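This report refers to the structure that appears directly beneath it.
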Amino acid sequence: MREHELTPEDVLAALRDIEDPEVGTNIVDLGLIYEVLVARDGMVNVKMTTTTRFCPASGFLADAVKVRVEHLAGVRRAQVDLVYEPAWSPEMAQRFSLDD
């Protein structure tokens with residue numbers, strides 16, 4: 001058994017390093033991360049959105065999430081799914097705040 005099992009909170013903490021280039025706030029505090037699932041085999045699935053469906057930074061953000069997650073200890077592979085339901089709104093900001 002590993003000393004520390006990777007948790008969704010660990011992934012969210014790492015994703016706080018990624019800033020939305022148009023808004024200037026990290027993607028976790030913006031509420032762009034909808035779900036993080038961590039499997040025991042080291043697979044991590046992230047469901048995320050962007051502030052708008054045709055956001056020009058969507059590819060950059062999804063790639064940045066994949067790379068950041070795959071650099072975490074214990075992660076074998078990351079899959080990032082861009083979803084648009086529910087549609088993002090400003091009220092979603094800080095929904096997943098780790099400080100609460």
Side-chain angles (χ1 to χ4, degrees):
M1 180 177 205
R2 293 183 302 202
E3 187 173 309
H4 174 76
E5 295 289 325
L6 186 71
T7 67
E9 291 77 19
D10 295 329
V11 175
L12 289 172
L15 294 180
R16 284 180 180 268
D17 292 342
I18 301 172
E19 189 173 281
D20 183 297
E22 294 180 309
V23 180
T25 301
N26 77 72
I27 62 174
V28 174
D29 287 345
L30 274 176
L32 298 181
I33 305 299
Y34 285 176
E35 182 177 62
V36 175
L37 299 173
V38 179
R40 297 189 112 186
D41 67 355
M43 178 69 182
V44 176
N45 292 83
V46 178
K47 284 188 183 176
M48 66 174 292
T49 195
T50 55
T51 55
T52 61
R53 182 176 287 272
F54 300 106
C55 174
S58 61
F60 161 79
L61 290 171
D63 289 344
V65 168
K66 181 174 175 54
V67 168
R68 183 68 182 105
V69 172
E70 287 183 341
H71 278 91
L72 293 174
V75 174
R76 178 178 55 85
R77 185 169 163 261
Q79 177 176 327
V80 179
D81 297 314
L82 279 172
V83 298
Y84 294 97
E85 293 296 326
W88 181 86
S89 68
E91 293 77 30
M92 298 172 99
Q94 296 188 7
R95 185 175 76 178
F96 288 106
S97 175
L98 298 177
D99 299 326
D100 291 345

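These numbers come from the heavy atoms of this one structure, side chains and all, not from hydrogens, waters or symmetry mates. Quantities reported herein were computed from a predicted structural model and do not represent experimental measurements.
- Grouping the Ile, Leu, Val, Met, Phe, Trp and Tyr side chains by contacts below 4.5 angstrom, directly or via other members, places I27 with V83.
- Using a 4.5 Å heavy-atom cutoff, the side chains of T52 and C55 are in contact.
- Side-chain atoms of D81 and M48, non-hydrogen and from C-beta on, never get closer than 4.5 Å to each other.
- The minimum heavy-atom distance between F60 and E19, with the atom names listed, is CE2-O, 4.4 Å.
- R76 places a side-chain N or O within 3.5 Å of a backbone atom of D41 that can act as its donor or acceptor partner.
- Considering only heavy atoms from C-beta on, L6 comes within 4.5 Å of V44 through its side chain.
- For the pair T7/V38, no side-chain contact is recorded, criterion being any heavy-atom separation below 4.5 Å from C-beta on.
- Annotation: side chain of T49 is not in contact with side chain of P86 (no heavy-atom distance under 4.5 Å).
- D20 pairs in a side chain to side chain contact (heavy atoms under 4.5 Å, CB included) with only one of the listed residues (D29, N26, L61), which is L61.
- Between Y84 and R53, the shortest heavy-atom contact is CB-NH2, 3.4 Å.
- One finds the NE2 atom of H71 at 11.5 Å from the NZ atom of K66 (value rounded to the nearest 0.5 Å).
- V67 and V75 fall into different hydrophobic clusters, where Ile, Leu, Val, Met, Phe, Trp and Tyr residues are linked whenever their side-chain heavy atoms come under 4.5 Å apart, directly or through other members.
- Residues W88 and L32 approach most closely at CD1-CD2, 3.5 Å, considering heavy atoms.
- Distance OG1/T25 to CZ/R16: 11.5 Å, rounded to 0.5 Å.
- Two residues are said to be in side-chain contact when any heavy atoms from C-beta on lie closer than 4.5 Å; L15 and R68 meet this criterion.
- L12 and M43 are members of different hydrophobic clusters when ILVMFWY side chains are connected at heavy-atom separations under 4.5 Å.
- Scanning all heavy atoms of the two residues, the minimum distance from T51 to V23 falls at CG2-CG2, 4.3 Å.
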